[in-house]
Amino acid sequence: MTSLPPCRCVALALLPASLAPLVSLAAPAPQTPAVPAFAPLAAAPLASLPPLPPPVGLPLLQAQVSCPALQQRLLATVGGEASVWSISIADPQGRLLADLNGLRPRIPASNQKLVSTAYALDQLGPDYRLNTQLWRLTDGSFRLTGEGDPDLALPQLQRFAKLALGSGGSTGTVPSVVKLQIAEEPRQAWWPQGWHPDDRYTAYGAPITRLAVTSNAIHEAVMNPPSRLQNLMSKTMGQQGTKVQLSLVSARAPMPGDAVLLHQEPSAPMHNLLSLANTESHNFTAEVLLRQAAGSWDLGQAAQRETLWLMEQGLPMQGVRVADGSGLDRANRLTSRFLAALLLRMDQHPYGRDYLASMAVAGQRGTLRNLYIGTPLQGRFFGKTGTISGVRSISGVLMTADGPRYVSAISNGAGSPNDTIGRVLRQAQLTQLCPL
């Protein structure tokens, strides 16, 4: 689903209730004699309504720093490392409380997932599920299609195999051979081009495919997912004395119009998928959500559509570049001011609570569970971490006595980034520095 521009619903809601009677109380037209059917009729005059009131927009992030006291503390905290940091802090009114290199593009690492999950939640909604489907074609063969369910596993494959074997049919005869088509993306699309070759062998760099048993990872990446799927299906069906003839077809080719859907296995709901991407920083899930939200598994096209959506949100887009959905590609570029503005925008979104609930929690959950334990930040900061070589980023929502603070901190080369970010967050908690 695509969200309406933020102000449209508000503008309609502000339409005075007294306008409706203006139409119904208009004087009725005088009685006129019947006219032949072929006689032209004059268009009825439209009721004249006053213009709509100006739209009331959502708060946008301001461009000027408005809290000198917090700004001074921010600069003192980073000290001589100021050049490698980008940090922005905002409040719900859109005030930019403090900012350091906020418009300098940085490699964001997994903070890129904040973008992908926001886009997916807006476009697909909180109840969306990824589906894996088994189709029967008119020639008696079957086709398995998928949308990248990260939790696809052997039990689902066993159910598909049972249906393909015809268990429970009228004859009860198990076929000796089953022809099964696997609808998959081309091999050259399994990894984003910017992913380092060494990463592709790791579990976190597993290939992005539509039919990905256990997210295409065991202890390391599964390098040929269709081959693994064939082996699993052959073993499952072979237990019933049936041979599988498996072939690959393009997932981008249209499904034959006379195909019959036999069964589908839904994924966990969007809430779980968002949490997997943000709380646990699962690269595969973030990549799938970007593609499904964009309605295209062509990564270049998906990135373009996501960028257009970001522009529609009124965010500061200078220097922003989307290269993938997970942040593993070092060609991604975000700014701390952009991320603070995105967090502010999503907190005003109809699904904002779902977005916030998907994040790690300082000292308690996810990739932040071991950070800031026993400090005032524990249980008060909901955020997303990011780590690749030379990069550390933490962005999220900090709860304070005066309401939330939207904080983004990205370092491309800092010495002790976790400690620095912790000190910045604790300064942002001091609401007396920035009175309302």
inquiry  = For a side-chain hydrogen bond (donor to acceptor under 3.5 Å, both in side chains) check, start with the C-alpha distance between T214 and R228, then their side-chain angles and the critical distance, and finish with the verdict.
reply    = CA-CA 11 Å; T214 61; R228 181 191 183 199; 3.1 Å; yes
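- For the pair P192 and L299, the tightest heavy-atom approach, listed with the atom from each and the gap, is CB-CD2, 3.6 Å.
- Between the side chains of Y204 and D199, at least one donor N or O sits under 3.5 Å from an acceptor N or O.
- No side-chain donor-acceptor contact under 3.5 Å links Y351 and D122.
- The closest side-chain donor-acceptor pair between S336 and S86, if any, does not fall under 3.5 angstrom.
- Note that R252 lies outside the cation-pi zone of W297, set by a 6.0 Å cut-off to the ring centre and a 45° limit from the axis.
- Side-chain contact check for W195 versus I208: some heavy-atom pair is nearer than 4.5 Å.
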request  = Show your working on ring pair (Phe, Tyr, Trp, His ring centres under 6.0 Å) between Y355 and H349 and close with a plain yes or no.
outcome  = CA-CA 9 Å; Y355 187 66; H349 194 280; 8.5 Å; no
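- Considering only heavy atoms from C-beta on, N101 stays 4.5 Å or farther from I87 through its side chain.
- Atom CD of E220 sits in a sparse spot, with 12 or fewer heavy atoms from other residues, nucleotides or ligands closer than 6.0 Å.
- Under the 4.5 Å side-chain criterion, counting only non-hydrogen atoms from C-beta, V361 is not in contact with L368.
- By the 6.0 Å contact criterion, CD on Q193 is open, its count of non-hydrogen atoms from other residues, nucleotides or ligands being 12 or less.
- Under a 4.0 Å N-O distance rule, the pair K113/D324 does not qualify as a salt bridge.
- Side-chain polar atoms of T77 and R423 form no donor-acceptor pair below 3.5 angstrom.
- M237 is listed as a side-chain neighbour of V178, based on a closest heavy-atom distance under 4.5 Å.
- Atom CD of Q64 sits in a sparse spot, with 12 or fewer heavy atoms from other residues, nucleotides or ligands closer than 6.0 Å.
- The aromatic rings of Y119 and W309 sit tilted, their planes meeting at an angle between 30° and 60°.
- In terms of modelled atom types and a separation under 3.5 Å, the side chain of R333 and the main chain of R330 share a donor-acceptor contact.
- The closest side-chain heavy-atom distance from H282 to S215 is below 4.5 Å.
- Checking side-chain atoms of Q71 against main-chain N and O of L97 turns up no donor-acceptor pair under 3.5 Å.
- One finds the CG atom of L371 at 8.0 Å from the OG1 atom of T385 (value rounded to the nearest 0.5 Å).
- Side chains of S281 and K384: a donor-acceptor N/O pair is present below 3.5 angstrom, by distance only.
- With a 4.5 Å cut-off on side-chain heavy atoms, F160 and T236 do not count as touching.
- Side-chain contact of Q301 with R305: a donor-acceptor pair under 3.5 Å is present, judged by distance alone.
- S267 contributes a side-chain N or O that, together with a main-chain N or O of L130, makes up a donor-acceptor pair within less than 3.5 Å.
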ask   = Between R345 and Q313, is a side-chain hydrogen bond (donor to acceptor under 3.5 Å, both in side chains) present by the stated rule, with each step listed?
value = CA-CA 8 Å; R345 167 69 184 97; Q313 308 310 306; 2.9 Å; yes
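- No donor-acceptor contact under 3.5 angstrom links the side chains of T431 and T400, judged on distance only.
- Salt-bridge annotation for R337 and D99: present, with a side-chain N of the basic residue lying under 4.0 Å from a carboxylate O of the acidic one.
- Residues W85 and T420 bring no donor and acceptor atom of their side chains to less than 3.5 Å of each other.
- Using a 3.5 Å distance cut-off with no hydrogens or angles, the side chains of N332 and R321 do not pair a donor with an acceptor.
- In this structure, L154 and V213 have side chains that are not in contact, with every pair of non-hydrogen atoms separated by 4.5 Å or more.
- Of all heavy-atom pairs spanning W190 and P226, the tightest one is CH2-CD, 3.5 Å.
- Here the side chain of R104 pairs no donor or acceptor atom with the backbone of V84 at under 3.5 angstrom.
- By the neighbour-count criterion of 12 heavy atoms within 6.0 Å, atom CE of M311 is sparsely surrounded, having that number or fewer from other residues, nucleotides or ligands.
- With rounding to the nearest 0.5 Å, the separation of CG in N283 from CD in Q112 is 11.5 Å.
- Between L377 and G422 the shortest heavy-atom distance is CD1-O, 3.7 Å.
- Checking side-chain atoms of Q429 against main-chain N and O of P376 turns up a donor-acceptor pair under 3.5 Å.
- Two residues are said to be in side-chain contact when any heavy atoms from C-beta on lie closer than 4.5 Å; I89 and L70 meet this criterion.
- Remark: side-chain polar atoms of D149 are not paired, donor with acceptor, to backbone N or O of L211 under 3.5 angstrom.
- Using a 4.0 Å cut-off between a side-chain N of Lys or Arg and a carboxylate O of Asp or Glu, E185 and R210 qualify as a salt bridge.
- Judged by distance alone, the side chains of Q156 and E265 never bring a donor and an acceptor atom under 3.5 Å apart.
- Under 3.5 Å, the side chains of R73 and Q427 contain a donor-acceptor pair of N or O atoms.
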